[in-house]
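In what follows, chains are A, B, ... by sequence order, proteins preceding strands, each numbered from 1.
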Protein chains: 2
Amino acid sequence: MSQDPAPDRKPTISDVAALAGVSRAVASRALSSEPRPVAAGKRQRVLEAAQQLGFTPNLLARSLTTRSVNLVAIIVNHIHDLSDLDLFDLLLSEIQTLGKQVILLRVGSVDRVEDFLRSGIAWHVDAVLVFSDFADAATVRRMFDTGMTLMLNGRGDAQSPAVLADEASGIAEAVAHAAARGVRDVVLVTGRATSSVEAVRIDCYRAAFAQHGLRLLQTLQGDYSYDSGHAAGSSLFDAGEPDAVFCTSDAMAMGILDVHRASFTDGRPTRFRLYGFDDLSLTHFDAYPVASIGYAKRDYVREILKILADPGCFSPGMPPVRVPTRFVPRSSAG
Amino acid sequence: MSQDPAPDRKPTISDVAALAGVSRAVASRALSSEPRPVAAGKRQRVLEAAQQLGFTPNLLARSLTTRSVNLVAIIVNHIHDLSDLDLFDLLLSEIQTLGKQVILLRVGSVDRVEDFLRSGIAWHVDAVLVFSDFADAATVRRMFDTGMTLMLNGRGDAQSPAVLADEASGIAEAVAHAAARGVRDVVLVTGRATSSVEAVRIDCYRAAFAQHGLRLLQTLQGDYSYDSGHAAGSSLFDAGEPDAVFCTSDAMAMGILDVHRASFTDGRPTRFRLYGFDDLSLTHFDAYPVASIGYAKRDYVREILKILADPGCFSPGMPPVRVPTRFVPRSSAG
DNA sequence: CTGTTAGCGCATTCAT
DNA sequence: ATGAATGCGCTAACAG
């Protein structure tokens, strides 16, 4: 009981209760966001007392009993995992709208990831959004004291909800676009196929090529980066002259574009058509008019938030939510 | 006392103590990272018991008494405030190395910022890194229950430590570079001067122009973005032909470069020299060889971490830590 | 060096 | 509808 609230100490709910002349329990109920039974008069007095004292509930103490911190973790390998900043900006903003705050975990260079995660508040978050492919769903579930692990990295399982881009649709559109323009021979520039997402992506391209009777002259391997695209650019014609080059990231396409800028006039191809992937906002810059494949960020974020806001909407066994990708024509593809 | 640890409940320190046959206090001390007096034998037993039970301390409970959560908040307006991703990536990584986790707050679109901050765990963080210019030091201190608010937005005061780029050095170098190449007439493209950082930056340019006897034909105002640079590009020659154009952001310089790409051959100027600001990693892309001004990100992060790791090293009244900027020549400046 | 005790601030029984 | 009492899991203060 705080008969004499120390001037330097932050007011607690006991102080509020004392000032309002009620018990702590009543004060707690009156201050609760949930509608709990409290006499109207007392509720009023409690609210006024809280106001007057500048009372702020201690959320650490609260979470001790409620077992909820209103915190969600976002796990990335590096910052660049969020292939586009606009996506992350939107995601962060929307999560905050839910009244939750975001703790950002970069596991790229952490040696003992599990220890690192366990020894921080992140262990107690209400939900985990996994962009990094550092672990599969089962491992992630073991690493956090939460039932809600949202797999966005393609390594999910039936126990955890997942939201994934449906890459097939966009890739099919892009390849059809090329085929319709008379493309016959193509080159594919990929990232490392260690991530399952990339493996799927590559399969989609292969299938689409086969369907349209396109000939795959060669497959070059990069690491999604601009520099690796630049490097791939040098060996682009090693296996013959392609009519089109498909890249599994915009950054690599930009590297290639820069190596072969002479083959483009006003961004339009004279030697081969160029297709990227991700629909980076950067492709709006004049110098990199890279035709790309992407999904509506707003839809993607909406699906994530739907699950975050109402975890009950997912039950084990449900398939991943799919957000369709679409082909985004730009001059590099003619 | 947990005589019979429920199988579904996570083991607490009481369980560990019981299994090890010691009191909770001893278990607590043995598990502490600080070196506390415990008999070697008991410490061993406690550690084994913890191991065996898979005990993980509840940091929320711990922080309730220690009043420290090992959490630092980073406040930005939008994600793009971290003008370069590489900086943020490094910063995040280094903070984690300190054993702290990062909660990222985007206050850009939040209506009642103060309420938002108070109603989340962020209120309890150990330190706050303020990149956003949404508030001055005094306000920020009121918004968090922490003594450690690190001002990185130029709105600091004597009570809080600050780390700032010393823009003068780099700007002086850039302008000197231009003057040495015979530049006489210049145009300045700025962001909104509402932020004090931008105001300082503009003053530096003006002073440097005056010192070298350069004539400022006109000042165009953008908002740091590529699009605003693009827009400014159209009115570049309204007040005469400049020999050089200085921009207070690389993005704006890139917009201008794209509007006037015909005036550059292989990135080198034929009509006017172009200078940016920020030294974005993007300027390594061939298409945007923008000469720029920047600081060593590693130094900047190191200064921040120095303060974070040892808050005692700052005492009220100390001036901001200054990280020098340098001119980074690239072909756009000839 | 060790065990007992008393909180940290809050939500939640369970009687009334 | 209310209040007294209990517990969340842990650390700190105090005796021994």
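A donor atom on one side chain and an acceptor atom on the other are not found under 3.5 Å apart for B:E48 and B:Q52. A donor-acceptor contact closer than 3.5 angstrom is absent between the side chains of A:S68 and A:S63.
If you measure from atom CG of B:D145 to atom C1' of C:dC8, you get 13 Å, rounded to the nearest angstrom. To the nearest angstrom, C1' of C:dC8 lies 12 Å from NE2 of B:H124. Distance A:R67 CZ to D:dG9 C1': 9 Å, rounded to the nearest Å. Atom pair B:L64:CG and D:dC8:C1' shows a separation of 9 Å (rounding to whole Å applied). What separates NZ of A:K10 from P of C:dC8 is a distance of 16 Å, to the nearest Å. Separating the CD1 atom of A:I13 from the P atom of D:dG3 is a distance of 13 Å, rounded to the nearest angstrom. In this structure, A:N58 atom CG and D:dC10 atom P are separated by 17 Å, rounded to whole Å. At whole-Å resolution of the value, CD in B:E34 and P in D:dC10 are 17 Å apart.
The side chain of B:R62 places an N or O atom within less than 4.0 Å of a non-bridging phosphate oxygen (OP1 or OP2) of D:dT11. Using a 4.0 Å cut-off, no side-chain N or O of A:S28 falls inside it from OP1 or OP2 of C:dC10. An OP1 or OP2 oxygen of C:dT12 is reached within less than 4.0 angstrom by a side-chain nitrogen or oxygen of A:R36.
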Under 3.5 Å, N/O pairs linking protein and nucleotides 4-7 of chain D:
| unit_1 | atom_1 | unit_2 | atom_2 | d |
| --- | --- | --- | --- | --- |
| D:dT6 | O4 | A:R24 | NH2 | 3.3 |

Check: Step by step, would you call A:D299 with A:R322 a salt bridge (Lys or Arg N to Asp or Glu O under 4.0 Å)?
Finding: CA-CA 10 Å; A:D299 293 345; A:R322 290 284 173 179; over 6 Å; no
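For the atom pair CG of A:L47 and CG of A:L31, the computed distance is 6.0 Å after rounding to the nearest 0.5 Å. Between atom NE2 of residue A:H78 and atom CZ of residue B:F88 there is a gap of 14.5 Å, rounded to the nearest 0.5 Å.
Every residue meeting the side chain to side chain contact (heavy atoms under 4.5 Å, CB included) condition with B:S32, not counting sequence neighbours, appears here in chain and number order: B:E34, B:R36. For A:L308, the side chain to side chain contact (heavy atoms under 4.5 Å, CB included) criterion is met by A:I95, A:L98, A:A127, A:L129, A:L150, A:I304, not counting sequence neighbours. The side chain to side chain contact (heavy atoms under 4.5 Å, CB included) check on B:S119 picks up nothing, with sequence neighbours excluded. Listed by chain and number, the residues in a ring pair (Phe, Tyr, Trp, His ring centres under 6.0 Å) with A:Y300 are A:Y295 (sequence neighbours excluded).
Within residues 37-49 of chain B, the residues approaching DNA chain C are B:P37, B:V38, B:A39, B:K42, by heavy-atom distance under 4.0 Å.
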